[in-house]
Amino acid sequence: MKEHSELKYLQCLAELYPTIAKASTEIINLQSILNLPKGTEHFITDIHGEYEAFSHVLKNGSGSVKKKIDDVFGRTLSTADKNALATLIYYPREKMDLVKKTEKNMDEWYRITLYRLIEVCKTVASKYTRSKVRKALPGDFAYVIEELITEKAEVLDKEAYYSAIVDTIISIGRAEEFIVALGELIQRLVIDHLHILGDIYDRGPGPDRIMDKLMSYHSLDIQWGNHDVLWMGAAAGQLACIANVVRNSVRYGNLDLLEDGYGINMVPLAAMAMKVYGDDPCQLFQIKANGSGTSKDDEMNRKIHKAIVVIQFKLEGQLIRRRGEFGMENRMLLDRIDYERGTIVLEGKEYRLLDTHFPTIDPRDPCRLTREEEDVMDQLKSAFLHCGKLQQHMTLLLNRGSLYKVYNNNLLYHGCVPLDEKGEFLKVNVYGKEYSGKALYDALEKYVRKAFFAVDEEEREKGKDILWFIWSCPSSPLFGKNKMATFESYFLEEKESHKEKKNPYYSFLDQEEVMDRILAEFGLGTDAHIVNGHVPVLQSSGESPVKCGGKVLVIDGGFSKAYQAKTGIAGYTLIYNSYGMMLVAHMPFTSTREAIVNETDIHSERIMVKMTPHRMHVGDTDNGKALKERIGELKELLEAYRNGWIIEKT
């Protein structure tokens, strides 16, 4: 007889499978899933608001769609026809609009195109159960698509059967909608699961559109990046985070993101900036994305830029003073300025400031906001807290995101595991307690969630402040540098003061003993991989994204246009399918229009990282382990039925 607790669990399971027949059928179904090929995982990091490039990489699955077209048609289609078919799958509506301008016999084009798409659909659907494919089918055409992509042994004249369906689709004027449905289905089935390894936000103009796209994505997880955490802090109402978000937005010419994307009113800040800095040319505060800086708009933006920079350093100084446990007193920079001489002492060296006009700073209390600055920040805080779209996006980050993830024998995180100079886990003080390694990640994530969900006001405030800590503290696993040299880059000419020294983690990336210790810390063996982004890989200088003999993969290669001159490429992505792991290096994306009109895809090079000795199946994955456990439980339920411990509900 089973123990009481086991029997209670099996009785609960019996509510789902009330008969021997139902339990047996589920065992057979689950066992068949275990033998299907492993689904394709797609890893992307450091998108930085580049919506068009991100959207295209998502549509083409880092080349996976073209690979499927090649698998299906081999040499029976020309390269031009394959390119045209791929572009149609990526952008079906836009491509058909162009085709209709030149194609004389659209019915014939529809017929050929539908047959080709159906063949590709059959191939991409073959690695999934019929049930899973059915759930992915668009509602309007679910039954018809299932008929077309399912082999029907009982139909003798298959060609006539399928031809009749296709002819009907065309004759009733539904061909175009059907082509759109098939294109989107192929995109959906080519990638089984998406991993975003952080930094969706800042620099590029479209992070809100990226988040909109991720809101409806079928299967994904997100490892927060430091820029994402900064926006989470702003959405939670943390003032220093809000100031940083606004500063980044104005610096990269992205105020439209705040005003149009999220409906955050920038007029109060602009009015204050024009009043306070009306006679100040603010030449140090040029906008990176905007040409010469001679227009009226550029002049106003420079003044807004300086106004928010000063406010940011004031708020950060207040926060550092309030949270002494963060250990960042050396970054209370406004307190270190000699306002009469126009100098500052940093790390024992005196520097002359490039700008000494600070009309809102009281040298006796440099971090105190003026009444006007307080009013501006109060209005911005209210706008961030009450922006419905922003809060929805942050809810997605909270629900689908975390600081790290262990998935199918891979350890995923954005930045680093902080180490000391000896390669040992760095001990970090978080509100009076020391944490390191995995425990540090877990403690920080707990406080991130408190910022949004804690009932106790003090704990909620701790959570809000930890979001800024994660953004900029040297011991943060998402920042991983000795300082954020924002002040130095604005106000000091000497380049050595701008340098941000990386955490020792990055010097140990090729030391197997250290990387194995990190993997073990997160419960993984020496055959696992670390996948992370954050620091761009300088391919143009000969740097490889593959570290430690393939154990570590750093896949930030410059998705953001701001990095591409340095990296030499436009980002890496990683594909992990049933055959192994492949890094994909992408060349810069020109534009969506160029991709549609000229059928130009992102030129990508694939680098095989690991080839599996046998084709992987679902049974080899984390999901497979869970399915095997459920099969074991169901077998115990069968035993309980057959021994009379539980009675069937017939």
Side-chain angles (χ1 to χ4, degrees), residues 29 32-40 42 58-61 63-74 76-77 81-82 84-93 95-96 107-193 216-219 577-579 615 617-618:
N29 289 339
S32 66
I33 292 171
L34 292 175
N35 293 306
L36 288 169
K38 172 194 173 297
T40 299
H42 195 187
L58 216 57
K59 288 173 183 294
N60 76 3
S64 296
V65 170
K66 274 196 172 174
K67 176 72 169 58
K68 292 300 181 186
I69 291 172
D70 265 336
D71 290 346
V72 173
F73 296 106
T76 62
L77 280 185
D81 282 343
K82 289 177 185 176
L85 185 60
T87 304
L88 181 72
I89 291 169
Y90 309 153
Y91 306 100
R93 293 189 191 280
K95 190 61 187 173
M96 281 189 287
D107 281 0
E108 185 61 20
W109 184 88
Y110 289 141
R111 185 173 290 103
I112 292 169
T113 299
L114 284 166
Y115 275 119
R116 288 174 178 175
L117 290 173
I118 289 162
E119 289 305 311
V120 177
C121 250
K122 284 181 182 178
T123 299
V124 298
S126 63
K127 64 160 59 178
Y128 303 112
T129 63
R130 198 173 289 184
S131 171
K132 186 165 184 174
V133 173
R134 192 176 293 129
K135 290 172 185 173
L137 296 174
D140 288 350
F141 300 111
Y143 173 76
V144 181
I145 292 176
E146 190 170 4
E147 286 293 296
L148 289 168
I149 67 175
T150 304
E151 198 66 37
K152 301 184 77 64
E154 69 275 15
V155 177
L156 297 177
D157 192 345
K158 293 183 178 64
E159 188 174 339
Y161 177 74
Y162 295 129
S163 181
I165 295 175
V166 170
D167 287 344
T168 302
I169 291 168
I170 295 168
S171 67
I172 64 173
R174 296 293 283 165
E176 290 189 19
E177 291 303 316
F178 205 82
I179 287 169
V180 170
L182 288 173
E184 291 175 351
L185 178 62
I186 292 166
Q187 290 179 40
R188 158 70 178 79
L189 293 176
V190 158
I191 300 299
D192 188 46
H193 188 81
S216 59
Y217 201 79
H218 56 274
S219 181
N577 60 24
S578 57
Y579 296 103
R615 192 176 189 190
H617 296 92
V618 172

Checklist entry - Quick one: are Asp192 and Tyr128 in side-chain contact, heavy atoms under 4.5 Å? => result yes
Item to check | Close side-chain approach of Arg116 and Glu119, heavy atoms under 4.5 Å | outcome: no
Checklist entry - At what distance, to the nearest 0.5 angstrom, does CG of Asp70 lie from OG1 of Thr123? => result 11.5 Å
Checklist entry - Where do Leu58 and Ile191 land on the side-chain contact (heavy atoms from CB on, under 4.5 Å) test, with the steps shown first? => result CA-CA 9 Å; Leu58 216 57; Ile191 300 299; over 6 Å; no
Checklist outcome for this item: In short, Ile33 meets Val618 closest at the heavy-atom pair O-CB, 3.3 Å
Checklist entry - Between Tyr143 and Leu137, is any pair of side-chain heavy atoms under 4.5 Å apart? => result no
Next on the checklist: What's the separation between atom NZ in Lys38 and atom CG in Asn577, rounded to the nearest 0.5 Å?
Outcome noted: 7.0 Å
Checklist entry - Does Lys122 make a cation-pi contact with Tyr162 (under 6.0 Å, within 45 degrees of the axis)? => result yes
Checklist entry - Does atom CZ of Arg93 have more than 12 heavy-atom neighbours from other groups under 6.0 Å away? => result no
Item to check | Euclidean distance, Asp81 CG relative to Phe73 CZ, rounded to 0.5 Å | outcome: 9.5 Å
Item to check | side-chain contact (heavy atoms from CB on, under 4.5 Å) evaluation trace for Arg130 with Thr150 | outcome: CA-CA 9 Å; Arg130 198 173 289 184; Thr150 304; 3.3 Å; yes
Checklist entry - Looking at Asp71 and Lys67, does any basic side-chain N land under 4.0 Å from a carboxylate oxygen? => result yes
Checklist entry - Has the side chain of Ser163 got a donor or acceptor atom that lies under 3.5 Å from a matching backbone atom of Ala160? => result no
Item to check | Point-to-point distance, once rounded to the nearest 0.5 Å, from CD1 of Ile89 to CG of Leu185 | outcome: 10.5 Å
Next on the checklist: Pair Arg134, Glu146 - check side-chain contact (heavy atoms from CB on, under 4.5 Å), show working.
Outcome noted: CA-CA 7 Å; Arg134 192 176 293 129; Glu146 190 170 4; 2.7 Å; yes
Checklist entry - Is it true that atom OH of Tyr115 has more than 12 heavy atoms of other residues, nucleotides or ligands lying nearer than 6.0 Å? => result yes
Next on the checklist: Between Val65 and Lys59, is there a side-chain heavy-atom distance shorter than 4.5 Å?
Outcome noted: no
Next on the checklist: Is there a side-chain contact between Glu177 and Asp140 in this structure, where contact means two heavy atoms from C-beta onward sitting under 4.5 Å apart?
Outcome noted: no
Checklist entry - For atom OH of Tyr217, is the number of surrounding heavy atoms from other residues, nucleotides or ligands below 6.0 Å larger than 12? => result yes
Item to check | Atom of Ala164, atom of Thr168 and distance for their closest heavy-atom approach | outcome: O-OG1, 2.8 Å
Checklist outcome for this item: The single option from Val166, Thr113, Ile165 that satisfies side-chain contact (heavy atoms from CB on, under 4.5 Å) with Ile118 is Val166
Next on the checklist: Tell me the closest heavy-atom pair linking Lys127 and Val124, and the distance in Å.
Outcome noted: CG-O, 4.0 Å
Next on the checklist: What I'd like to find out is whether the side chain of Leu148 reaches to under 4.5 Å of the side chain of Leu114, using heavy atoms alone.
Outcome noted: no
Next on the checklist: Could you check whether any side-chain N or O of Ser32 sits under 3.5 Å from a backbone N or O of Asn29, counting only pairs where one atom can act as donor and the other as acceptor?
Outcome noted: yes
Checklist outcome for this item: Here the gap from Leu182 atom CG to Glu184 atom CD, rounded to the nearest 0.5 Å, amounts to 10.0 Å
Next on the checklist: Checking the side chain of Lys68 only, and the main-chain atoms of Ile186 only, is there a donor and an acceptor separated by less than 3.5 Å?
Outcome noted: no
Next on the checklist: Rounded to the nearest 0.5 Å, what separates atom CG in Leu189 from atom OG in Ser126?
Outcome noted: 9.5 Å
Next on the checklist: I'd like to check His218 versus Arg188 (side-chain heavy atoms, cut-off strictly below 4.5 Å). Are they in contact?
Outcome noted: yes
Checklist entry - Heavy atoms, side chains only, cut-off 4.5 Å: are Ile179 and Met96 in contact? => result yes
